[in-house]
Structure formats: C-alpha cells, structure tokens
Amino acid sequence: MKPRIAVITFPGSNDDRDALRAVRLLGGEPVPVWHADRDLHGADGVILPGGFSYGDYLRTGAIARFAPAVKAVTRYVEAGRPVLGVCNGFQILCEAGLLPGALIRNAGLSFVCRWVNVRTEARPEGWPGWEAGRVLQIPVKHGEGQWVGSPEDVARVEERGQVALRYCSPDGLEDEAFTPNGSTHNIAGLRNERGNVLGLMPHPEHAVDPDLGPTGGIAVFAWLFAMCGAEVSA
Amino acid sequence: MRFRFEVLVSLKEGLLDPQGKTVQDALPTLGWPNVSDVRVGRRIELTVDAEDEATARAQVHDMAERFLSNPVIERYRILEVEGTGAT
C-alpha cells in the first residue's frame with residue numbers, strides 16, 4: 001500500500017518540496033496542500049513542513065495556526081490520524097495546542113545550522129514503526145528551537161513517555177553539550193499522549209537520500225508510514 | 001467610540017531571555033556596569049471600536065490571552081493610551 005501523505009505549504013514554508021520529495025523517495029504518494037485549502041484531499045497522514053510561515057511574525061507558528069488547512073489538521077488529530085511537524089511545523093503544533101510547551105529563541109541566540117545526533121526514546125505502548133535506542137544523524141537549522149514548558153508540562157511529558165527524541169553524542173550519550181539550542185531535558189522531539197502527533201526540530205526530510213549523506217531521517221518517516229499502515233521502501 | 005491600547009508582552013519570570021541577557025552583557029562594555037535584570041519584550045499598539053471602554057478592554061484581554069501572547073511562555077500588560085477615549 002502506498003500511503004498518501006499531505007504536505008501543507010504556507011506562505012514562507014521552504015522545506016515543503018523536500019518533504020514531498022522524501023515521501024516519494026520512500027514509496028509514498030505526496031499530496032501537496034495549500035494553506036488556504038479546507039481539507040487535506042483525503043490523505044492518510046500529514047506533514048507540517050519547516051520554514052518561516054507568515055514571516056515568523058508575532059511568534060513562530062502563531063499565525064499559521066489559524067490557517068484553514070491547520071483547522072483540517074486539528075480534525076485529523078481528533079480522528080487519530082498521524083501528523084508530523086518539522087521545525088516550523090513543530091512550532092505550529094505547539095502554538096495550536098496540539099503539543100505541549102513552546103519553542104523559544106535558542107539559548108545561545110545564534111541560528112544553528114548543522115548535523116546533530118538524536119536518540120530515539122523508549123517506544124510508547126502501541127507506537128508502530130518506532131525502534132528505541134537508535135542514534136539518528138539528522139540536520140537542524142533554526143533560530144528558535146529551545147523547547148520549554150511549565151514545570152507541570154515538563155513533568156507530564158517525562159512521566160507519560162511523550163519525549164520521542166533527545167539530542168545526544170554520536171554514541172547516544174545525553175549531554176547538554178550536544179544540544180544545539182538549550183532545549184529543556186535535551187528534548188528534540190515530542191509526541192502527544194495519544195501518539196498520533198509527532199513534532200521535532202531536526203529535519204528528517206533532509207536525511208533520507210544515501211546519495212546526499214546520512215539517512216537518519218528515514219526512521220521518522222518509518223513511523224509516519226507505519227501509522228498509515230504502510231512501510232518505507234528505502 | 002474608539003479606544004487606543006498598548007499591549008506589552010514579555011517572557012515570563014524564570015524563563016531565560018537570551019535577548020535580554022545579550023543586551024545586558026553588552027552594557028558594561030559601553031560603560032554601564034551597574035545594570036541588571038534586562039528583559040526584552042514586544043509592544044503592540046492597537047485601536048478598538050467598541051460601545052464603551054470596558055467592552056474594548058475585555059476584548060483586548062481576550063486577544064492578548066489567545067493570540068497576542070502565548071500564555072505558556074509569556075505574560076502581558078495592557079495600557080490604555082490617554083486622550084484617545086472618544087472620537
């Protein structure tokens with residue numbers, strides 16, 4: 001089965017084409033969706049791609065959250081369908097209240113653009129296509145990737161196993177030194193409680209083609225495809 | 001009636017404000033070593049058409065809570081600009 005994966009393009013998105021390409025490369029059917037579209041063209045899953053939607057005005061993701069296509073995403077989430085938010089997509093999911101906490105300016109103030117290692121955390125109950133304890137090499141490129149939450153939010157995501165990815169050393173050791181943005185508990189990716197929403201700052205769509213470098217991103221697409229009842233064909 | 005407001009938005013206490021810290025770190029090099037607790041925020045000016053001041057203010061609070069600030073990380077303060085209470 002070929003999963004149909006929608007990728008929403010906002011004014012200011014710039015990783016939408018790479019996301020569409022990654023879906024095709026891994027054996028899925030990419031479905032381009034415009035932010036003003038009121039439905040997701042019957043796709044099985046959806047990706048909110050990276051970029052600078054609406055110029056990052058007010059706060060990152062703050063305005064994209066009101067787009068008609070994001071209202072359709074909210075209905076998808078309620079229906080239990082999978083949603084993957086990358087970078088700006090992660091920021092939009094937090095602003096929309098579909099994931100806890102918020103993403104603020106990197107602790108070092110600088111925009112970071114480099115390859116990082118992230119460790120896949122223990123597989124939550126019933127999460128398909130997700131193998132814990134792997135170290136994935138995936139690039140980051142963001143100015144506002146420091147995840148923060150209230151003390152209650154932080155305790156809750158840890159207790160309920162919502163942390164999907166943490167920054168780590170090439171050997172999988174967790175240490176602040178390997179976290180590019182000061183993120184709380186070295187969090188690089190979070191899932192919702194139900195497990196059908198995943199947001200992360202690293203860009204899996206840039207790490208799927210062996211001709212272009214490391215392919216740590218495939219593991220993230222494997223989860224998305226598995227949630228659609230399919231497998232990646234890498 | 002038209003009412004003019006300013007909404008001041010800043011990061012919550014206890015959250016590291018990297019912009020504020022950078023500004024603070026620069027001050028001693030310019031000869032002001034006695035400054036602390038620098039926080040950088042955002043100011044939004046707006047005009048609301050409403051029946052009365054209380055209605056306008058309630059709407060600004062609602063907008064600040066749901067859109068102009070993110071209550072997870074920010075707090076806000078609303079100031080009414082004097083002298084613009086009526087047209």
Side-chain angles (χ1 to χ4, degrees), chain A residues 53-67 70-71 74 88 90-112 142-157 176 179-185 187 190 192 199, chain B residues 3-30 32-33 35-49 56-79 81:
Chain A
S53 58
Y54 303 93
D56 275 354
Y57 291 158
L58 194 60
R59 297 176 304 278
T60 57
I63 298 179
R65 154 190 158 206
F66 296 103
V70 173
K71 295 213 171 73
T74 305
N88 190 221
F90 187 11
Q91 295 161 340
I92 293 169
L93 288 170
C94 288
E95 277 284 340
L98 296 170
L99 287 174
L103 292 141
I104 64 170
R105 192 70 59 97
N106 296 342
L109 261 194
S110 309
F111 190 97
V112 289
H142 59 244
E144 286 161 300
Q146 179 183 181
W147 184 83
V148 295
S150 65
E152 298 78 35
D153 283 338
V154 175
R156 201 178 302 122
V157 297
E176 280 171 25
T179 297
N181 48 31
S183 194
T184 307
H185 291 194
I187 289 172
L190 274 183
N192 66 346
Chain B
F3 301 94
R4 184 94 181 137
F5 293 93
E6 288 179 11
V7 182
L8 304 177
V9 182
S10 55
L11 279 175
K12 278 183 178 168
E13 301 295 333
L15 268 184
L16 173 69
D17 172 8
Q19 278 192 90
K21 185 172 185 308
T22 305
V23 171
Q24 183 170 320
D25 291 350
L27 291 171
T29 66
L30 297 171
W32 295 296
V35 184
S36 58
D37 301 325
V38 178
R39 312 282 287 176
V40 175
R42 181 190 316 123
R43 189 185 69 159
I44 302 157
E45 299 173 22
L46 45 85
T47 303
V48 179
D49 270 309
R57 181 172 282 273
Q59 183 185 331
V60 176
H61 267 289
D62 199 29
M63 294 191 298
E65 193 76 40
R66 288 164 57 193
F67 181 46
L68 302 177
S69 79
N70 179 346
V72 177
I73 47 172
E74 293 169 327
R75 57 188 163 79
Y76 65 87
R77 212 147 53 90
I78 294 171
L79 308 175
V81 182

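Naming convention: chains lettered A, B, ... in sequence-line order (proteins, then strands); numbering from 1 in each chain.
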*Give a yes or no on this: more than 12 heavy atoms of other residues, nucleotides or ligands lie within 6.0 Å of atom CG of B:Asp37.*
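Not buried by this count: 12 neighbours or fewer within 6.0 Å.
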[X] to [Y] - nearest heavy-atom pair and separation:
{"X": "B:Pro18", "Y": "A:Ala107", "result": "CB-O, 4.0 Å"}
{"X": "A:Leu58", "Y": "B:Phe67", "result": "CD2-O, 3.3 Å"}
{"X": "A:Ala102", "Y": "B:Ile73", "result": "CB-CG2, 3.7 Å"}

Across chain B and chain A, what donor-acceptor pairs are shorter than 3.5 angstrom?
from	atom 1	to	atom 2	distance (Å)
B:Arg42	NE	A:Leu58	O	3.4
B:Arg42	NH2	A:Leu58	O	2.9
B:Arg66	O	A:Arg65	NH1	3.2
B:Arg66	O	A:Arg65	NH2	3.1
B:Phe67	O	A:Arg59	NH1	3.0
B:Phe67	O	A:Arg59	NH2	2.9
B:Leu68	O	A:Arg59	NH1	3.0
B:Asn70	ND2	A:Glu95	OE2	3.3

*asked:* Going by ring-ring contact (aromatic ring centres under 6.0 Å, His included), name the residues that satisfy it together with A:Phe111, two or more places apart in sequence or in a different chain.
replied: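 For A:Phe111 there are no ring-ring contact (aromatic ring centres under 6.0 Å, His included) partners, ignoring immediate neighbours.
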*Of the backbone (N, CA, C, O) and the side chain (C-beta and beyond), which part of A:Ile104 lies under 4.5 Å from a heavy atom of chain B, both, or neither?*
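Side chain only.
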